[in-house]
Novice: 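My questions all concern the structure below.
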Amino acid sequence: MPGPPSRRTRFPLRRPRLRHPHDREILRLAVPAFGALVAEPLFLLADSAVVGRLGTAQLGGLGVAGQALATLVYVFVFLAYGTTAAVARQIGAGDPRAAIRQGIDGMWLALVLGVAVIALGWPLVPWIVEAFGANPAVAPYAETYLRISLFGIPGMLVILAGTGVLRGLQDARTPLWVSVGSFGLNLVLNVLFVLVLEWGIAGSAWGTVIAQTGGAAVYVAAVLRGARRHGAAVRPSGAGLRASVRSGAHLLVRTLALRLVLIVGTAVAARMGTDETAAYPVSFQVWTLLAFAHDAIAIAGQSITGRYLGAGDVPGARAATRRMVEWGVVGGVVFAVAVLAVRPWLPALFTSDQGVRALLLTALVFVAALQPVAGVVFVLDGVLIGAGDMRYLAVATAIATAVFLPAALLVYWLGAGLAGLWAAIGLWMATRLVTLGLRARGDAWLVTGAVRS
């Protein structure tokens, strides 16, 4: 491993140049990744548009079941991230056969987990629906949709792992086209099953299951094609599965810590009052939309960092990281200005209630102010995932969550309102910025080689 870079080259923030050697590869990966990220929520939107014609109770049931499924898939996102990092390292090391082999193990793990979710989730469906707050009118439809949708979980998880494989292979376009194709198929099947064949909400669920399974089949075909080309075995490897589990365990801790912040934030807002309950989800949806753009650069960071470190190119990893941070800062500033520009008119798109509008106007100031911080945090998160620094990410995210939780409770006890809650979120993001920034400035994450030891 090359010696440590000089202080000057470690992690300075400079004014971004209009052209940079790393811009092409960043955009080549980030732009399709953004399209794929935006395409995913369209599944539920398409379902909602069709099921909404059946009635309010059916639409409510879809909403409850959809939230349960989204939470479940979010927990297993490590299948994509961990696979991306492992495959990218092997590609950087010049061993595409081992890269495909690593990806296949990740997809086998996804299949095993998917089957386990069906077995464990089926008897728990009524409890899950109740836990997500379904009332008696909505619960039967939520249970119907969730029971059927469980059969799509293996496909969903294989898609996550397959996405990680292709991104690790530096291919971000295929996941975009699969996402767009799956969305189109889902929409057609929903219209056919629900409106033409009149299968009700069950038809919507079956349409989604078929579309997700079809998307998974495309990924399997793509990976098998790569396996044949490079002579990689397709049977599961015990060592590879264990490596995927170890990496996934740390990423699971990170993911659960992030999810806890989202749940507690929503719970605190719900206990503040009706206006806060209505305003907080809207402001957080704006935050989430902007997060997709930040996350696209982070996904590029996973692929690029893993490849450079696999090739033993520490200066290249440093330079790419520095450039992506510059992109994160500039993007954050642009988003901040955009939010402030539309802020006077945005609340009117969601509500006519003056109290809710006033709260949204305040919340959007915080959303805007946090965008430059979010840009850097998302990039560094992706870079460290690409470096395989999963253990540190788990610890750092747990620390940030431990800072947020008492702050959020204090906001509730003091009656600081929605502004106080967003200030607590700002503290959470600042903590992540400090922990990730300190790590990125050091050398411990710069472990080179085909496999991070």
Side-chain angles (χ1 to χ4, degrees), residues 1-12 20-22 24-26 28-29 78 80-106 164-172 230 232 237 239-240 242-251 254 297-326 379-396 435-453:
M1 175 176 173
S6 67
R7 177 175 293 275
R8 185 180 172 212
T9 61
R10 283 194 174 214
F11 205 60
H20 189 279
H22 291 288
R24 184 182 296 275
E25 64 178 341
I26 293 171
R28 178 176 59 82
L29 294 167
F78 67 83
Y81 292 170
T83 305
T84 298
V87 172
R89 273 187 175 269
Q90 297 287 358
I91 289 297
D95 193 347
R97 179 180 178 181
I100 295 291
R101 173 70 266 174
Q102 190 79 50
I104 289 173
D105 288 332
V165 175
L166 294 183
R167 286 173 179 167
L169 295 172
Q170 314 300 298
D171 176 9
H230 297 289
S237 161
R242 286 192 295 272
S244 296
V245 169
R246 283 195 301 271
S247 172
H250 292 126
L251 283 176
R254 165 194 170 275
I297 302 177
I299 288 170
Q302 295 172 22
S303 302
I304 293 170
T305 304
R307 190 183 81 239
Y308 275 113
L309 293 180
D313 187 355
V314 171
R318 282 281 191 194
T321 298
R322 182 168 57 247
R323 185 56 175 175
M324 286 184 285
V325 168
E326 291 172 353
V379 166
L380 293 181
D381 191 67
V383 165
L384 294 180
I385 287 175
D389 202 11
M390 314 305 188
R391 185 190 300 272
Y392 182 85
L393 282 170
V395 173
T435 55
L436 298 182
L438 289 175
R439 186 66 163 185
R441 288 184 66 86
D443 300 323
W445 63 282
L446 290 166
V447 178
T448 58
V451 178
R452 183 184 174 99
S453 57

Novice: Return each pair, listed once, that meets ring-ring contact (aromatic ring centres under 6.0 Å, His included) where at least one residue sits in residues 82-106; pairs must be two or more places apart or across chains.
Specialist: none

Novice: Which distance, rounded to the nearest 0.5 Å, do you find between the OG1 of T448 and the OH of Y308?
Specialist: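 Here the interatomic distance stands at 15.0 Å.
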
Novice: How many angstroms lie between atom CG of D381 and atom CZ of R254, to the nearest 0.5 angstrom?
Specialist: 4.0 Å

Novice: Any heavy-atom pair between the side chains of L309 and V447 that's under 4.5 Å?
Specialist: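 Side chain of V447 against side chain of L309, heavy atoms only: no contact under 4.5 Å found.
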
Novice: Not counting sequence neighbours, which residues clear side-chain contact (heavy atoms from CB on, under 4.5 Å) with A88? List them please.
Specialist: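 By the side-chain contact (heavy atoms from CB on, under 4.5 Å) rule, A88 matches Q170.
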
Novice: For R246, what residues pass the side-chain contact (heavy atoms from CB on, under 4.5 Å) criterion, not counting sequence neighbours?
Specialist: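 R246: side-chain contact (heavy atoms from CB on, under 4.5 Å) contacts with R242, A243.
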
Novice: Which heavy atom of S303 sits nearest a heavy atom of G168, and at what distance?
Specialist: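 Distance-wise, the nearest heavy atoms are OG-N, 4.3 Å.
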
Novice: To the nearest 0.5 Å, how far apart are OG1 in T83 and CG in D105?
Specialist: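 One finds 9.5 Å between OG1 of T83 and CG of D105.
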
Novice: Around atom CZ of R28, are there more than 12 heavy atoms of other residues, nucleotides or ligands at under 6.0 Å?
Specialist: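 Yes, because the 6.0 Å sphere around CZ of R28 holds more than 12 heavy atoms from other groups.
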
Novice: How close do I91 and P96 get, heavy atom to heavy atom, and via which atoms?
Specialist: CD1-CA, 4.0 Å

Novice: Could you list all the side chain to side chain donor-acceptor pair (under 3.5 Å) pairs where at least one residue sits in residues 87-97, not counting sequence neighbours?
Specialist: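 Residue pairs passing side chain to side chain donor-acceptor pair (under 3.5 Å), neighbours aside: none found.
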
Novice: With sequence neighbours left out, what residues match A311 under side-chain contact (heavy atoms from CB on, under 4.5 Å)?
Specialist: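 With neighbours one apart ignored, the set is empty.
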
Novice: Return the minimal non-hydrogen interatomic distance between T435 and A396, and the atom names on each side.
Specialist: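 That would be OG1-CB, 3.7 Å.
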
Novice: State, yes or no, whether a side-chain contact exists between I100 and L169 at a heavy-atom distance under 4.5 Å.
Specialist: yes

Novice: Is there any salt bridge (Lys or Arg N to Asp or Glu O under 4.0 Å) pair reaching into residues 301-311, and which pairs are they, with sequence neighbours excluded?
Specialist: E25-R307

Novice: Quick check for you: to the nearest 0.5 Å, what is the distance between R323 atom CZ and I297 atom CD1?
Specialist: 10.5 Å

Novice: Got a second to check how far W445's CH2 is from R452's CZ, nearest 0.5 Å?
Specialist: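 One finds 9.5 Å between CH2 of W445 and CZ of R452.
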
Novice: Salt bridge check, R318 against D443: does any charged N sit closer than 4.0 Å to a carboxylate O?
Specialist: yes

Novice: For a 4.5 angstrom cut-off between non-hydrogen side-chain atoms, does S244 reach Q102?
Specialist: yes

Novice: Working to the nearest 0.5 angstrom, can you tell me the gap between I385 CD1 and T305 OG1?
Specialist: 10.0 Å

